[in-house]
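Since we're looking at a predicted model, the values are computed, not measured.
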Amino acid sequence: MALLPILCYPDPRLHTVAKPVAAVDERVRTLIADMLETMYEAKGIGLAASQIDVHERLIVIDVSDNRDQPMVLINPELIWTSPTTHLNEEGCLSVPGIYDGVNRFDAVHCRALDGEGQSRVIEADGLLAICIQHEMDHLMGKVFVEYLSPLKRNRIKTKMNKARREEAR
């Protein structure tokens with residue numbers, strides 16, 4: 001397993017729309033293991049392949065308290081969304097240190113392949129539903145700050161660019 005570099009906003013590669021995973025093979029299983037290791041090391045609850053510059057429809061999630069219930073979603077699609085939504089505070093491994101409110105469906109049903117290539121439907125609410133929606137946005141080339149006002153988004157972009165310049169020193 002290997003730790004993978006996570007792209008940081010406003011990196012333009014984060015806006016690439018991911019393509020479907022063609023086959024769940026050894027390459028994909030290795031990628032899943034590397035993504036889980038990277039997500040756990042970064043103290044995240046979800047990671048989309050797009051965030052590590054692999055533009056395939058693959059997500060790993062673990063919202064469990066003990067960080068021992070990893071979930072793999074390959075080629076996920078929402079097949080049902082609740083009629084109700086809520087504003088929830090979100091953060092993102094690609095936008096470290098930034099948290100803000102995003103309106104998300106309260107519950108979703110998601111069809112996806114698991115790490116063995118088996119089709120399954122996940123019925124999610126609460127944090128898991130939020131995380132699925134957030135990570136699926138990444139697969140569509142969208143970062144959560146794009147839900148914010150242009151003023152907030154520009155402030156975040158300026159802050160992230162400044163942090164990147166300071167790191168490069």
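In this structure a side-chain-to-backbone donor-acceptor pair under 3.5 Å is missing from T85 to F105. No donor-acceptor pair under 3.5 Å is formed between the side chain of T84 and the backbone N or O of D106. With hydrogens and angles disregarded, no donor-acceptor distance shorter than 3.5 Å links the side chain of H138 to the backbone of A48. Listed for the N66 side chain is no donor-acceptor partner under 3.5 Å among the backbone atoms of D68. Between the E37 side chain and the A2 main chain, a donor and an acceptor come within less than 3.5 Å of each other.
Both L36 and L4 belong to a common hydrophobic cluster when Ile, Leu, Val, Met, Phe, Trp and Tyr are linked at side-chain heavy-atom distances under 4.5 angstrom. Under the 4.5 Å side-chain heavy-atom criterion for grouping Ile, Leu, Val, Met, Phe, Trp and Tyr, L127 is connected to L78 within one hydrophobic cluster. With hydrophobic clusters built from ILVMFWY side chains whose heavy atoms lie under 4.5 angstrom apart, V95 shares a cluster with V102. Under the 4.5 Å side-chain heavy-atom criterion for grouping Ile, Leu, Val, Met, Phe, Trp and Tyr, I130 is not connected to L128 through any hydrophobic cluster. L93 and L7 fall into different hydrophobic clusters, where Ile, Leu, Val, Met, Phe, Trp and Tyr residues are linked whenever their side-chain heavy atoms come under 4.5 Å apart, directly or through other members.
Among residues two or more places apart in sequence or in another chain, the ring pair (Phe, Tyr, Trp, His ring centres under 6.0 Å) test is passed with H109 by W80. With sequence neighbours excluded, the residues satisfying side-chain hydrogen bond (donor to acceptor under 3.5 Å, both in side chains) with R27 are E56.
Between the NZ atom in K19 and the CG atom in L58 there is a gap of 15.5 Å [rounded to 0.5 Å]. Put simply, CG on D100 and OG on S149 are 8.0 Å apart, with the number rounded to the nearest 0.5 Å. L73 CG to L113 CG: the interatomic distance, rounded to the nearest 0.5 Å, is 9.5 Å. To the nearest 0.5 Å, atom CZ of residue F144 and atom NE2 of residue H134 are 7.0 Å apart. The CD1 atom of I98 lies 10.5 Å from the NZ atom of K152; values are rounded to the nearest 0.5 Å.
By the 4.0 Å N-to-carboxylate-O rule, D137 lies close enough to R104 to be salt-bridged with it. Taking 4.0 Å as the cut-off between side-chain N and carboxylate O, E167 and R164 do not count as a salt-bridged pair.
Heavy-atom contacts from other residues, nucleotides or ligands closer than 6.0 Å to CD of E41 number 12 or fewer.
Between E146 and G141, the shortest heavy-atom distance links the atoms OE2-O, 4.1 Å. Here the closest non-hydrogen pair linking D11 and R13 is OD2-NH2, 2.6 Å. Across C110 and M136, no two heavy atoms sit closer than the pair SG-SD, 4.2 Å. Considering all non-hydrogen atoms of both residues, K43 and R67 come closest at C-NH2, 4.2 Å.
Relative to the six-membered ring of Y147, K142 meets both conditions, a distance below 6.0 Å and an angle of at most 45° to the axis.
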